[in-house]
Amino acid sequence: MVQEIQEISGFRITIEREKLARDPDSMRKVFETLEECGLSCECMALNLDWLSIVVRESEKGKLSRFMLVLGQRLSRIDISIDGEVAILYIEGSQITSRGIGIVDSSLVLQGIEITMQRYFRCQDRFVIGVSPKEADRARRIITGIMESNFQL
């Protein structure tokens, strides 16, 4: 059975600070501020000097307060909104690591950049972020893989 792929609009916030990932106090402040402002995250990526967070478009109204409060709590920080993300949800299909690799490589080989991904095994939900202009094509590719009766 082919699962429906749901699409939700989102955007990416990047928080930059030198050696951010090596500073547990700063990381704690970021997460406390997210929680205090009620800003739910779909996915995060962490590098030594930055943290990128994907948030649903419906949460955008909470962003200015988050940026203000975090700016007050952390010095030498740069917060930017990096652009829109189409968040694709595939639910009800237990996807293996191999299946995730097949989806990822199929998209990349077709020139679609993956901006984020996350698999919730307990909820049988695979989430993948792509450019909004590529969302329909990504959905068709993923649907084609799922319809091919290939065991993901």
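Counting from 1, the numbers follow the sequence of the chain as shown.
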Open item on the list: Which Ile, Leu, Val, Met, Phe, Trp or Tyr residues join Val55 in one cluster when any pair of side-chain heavy atoms under 4.5 Å counts as a link?
Closed with: Phe11, Ile13, Ile15, Leu20, Met27, Val30, Phe31, Leu34, Leu39, Met44, Leu46, Leu51, Ile53, Leu63, Phe66, Met67, Leu70, Leu74, Ile77, Ile79, Ile81

Open item on the list: Taking transitive links into account, so neighbours of neighbours count too, which hydrophobic residues share a cluster with Leu109 at under 4.5 Å side-chain distance?
Closed with: none

Open item on the list: Test: salt bridge (charged side-chain N to carboxylate O under 4.0 Å, His left out). Region: residues 37-50. Which pairs qualify, not counting sequence neighbours?
Closed with: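 Listed by first then second residue: Glu42-Arg56.
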
Open item on the list: Using modelled atom types and a 3.5 Å cut-off, is there a donor and acceptor pairing between side-chain atoms of Ser52 and backbone atoms of Ala45?
Closed with: no

Task: Donor-acceptor contact below 3.5 Å, side chain Arg17 vs main chain Ser75 - done: yes

side-chain hydrogen bond (donor to acceptor under 3.5 Å, both in side chains) involving [X] - partner list, sequence neighbours excluded:
| X | value |
| --- | --- |
| Ser80 | Asp82 |
| Glu113 | none |
| Gln6 | none |
| Thr33 | Arg73 |

TODO: Give a yes or no on this: more than 12 heavy atoms of other residues, nucleotides or ligands lie within 6.0 Å of atom CD of Glu84.
DONE: no

Open item on the list: With a sphere of 6.0 Å drawn around CD of Gln72, does it hold more than 12 non-hydrogen atoms of other residues, nucleotides or ligands?
Closed with: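 More than 12 within 6.0 Å, yes.
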
Residues two or more places apart in sequence or in another chain: which of them pass side chain to side chain contact (heavy atoms under 4.5 Å, CB included) with [X]?
| X | value |
| --- | --- |
| Ser9 | Glu57 |
| Arg140 | Asp136, Arg137 |
| Asp104 | Ile100, Ile114, Gln117, Phe126, Ile128 |

Task: Audit row: Glu134, Leu107, side chain to side chain contact (heavy atoms under 4.5 Å, CB included) steps and yes/no - done: CA-CA 10 Å; Glu134 295 287 2; Leu107 293 174; over 6 Å; no

Task: Under-4.0 Å salt bridge between Arg139 and Glu7 - done: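 Salt bridge between Arg139 and Glu7, a charged N being under 4.0 Å from a carboxylate O: yes.
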
Open item on the list: Between the side chains of Asp25 and Lys29, is the shortest nitrogen-to-carboxylate-oxygen separation below 4.0 Å, so that they form an ion pair?
Closed with: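 Asp25 and Lys29: salt-bridged.
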
Task: Considering all heavy atoms, the nearest Leu88-Ala138 contact - done: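 Residues Leu88 and Ala138, closest heavy atoms: CD1-CB, 3.9 Å.
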
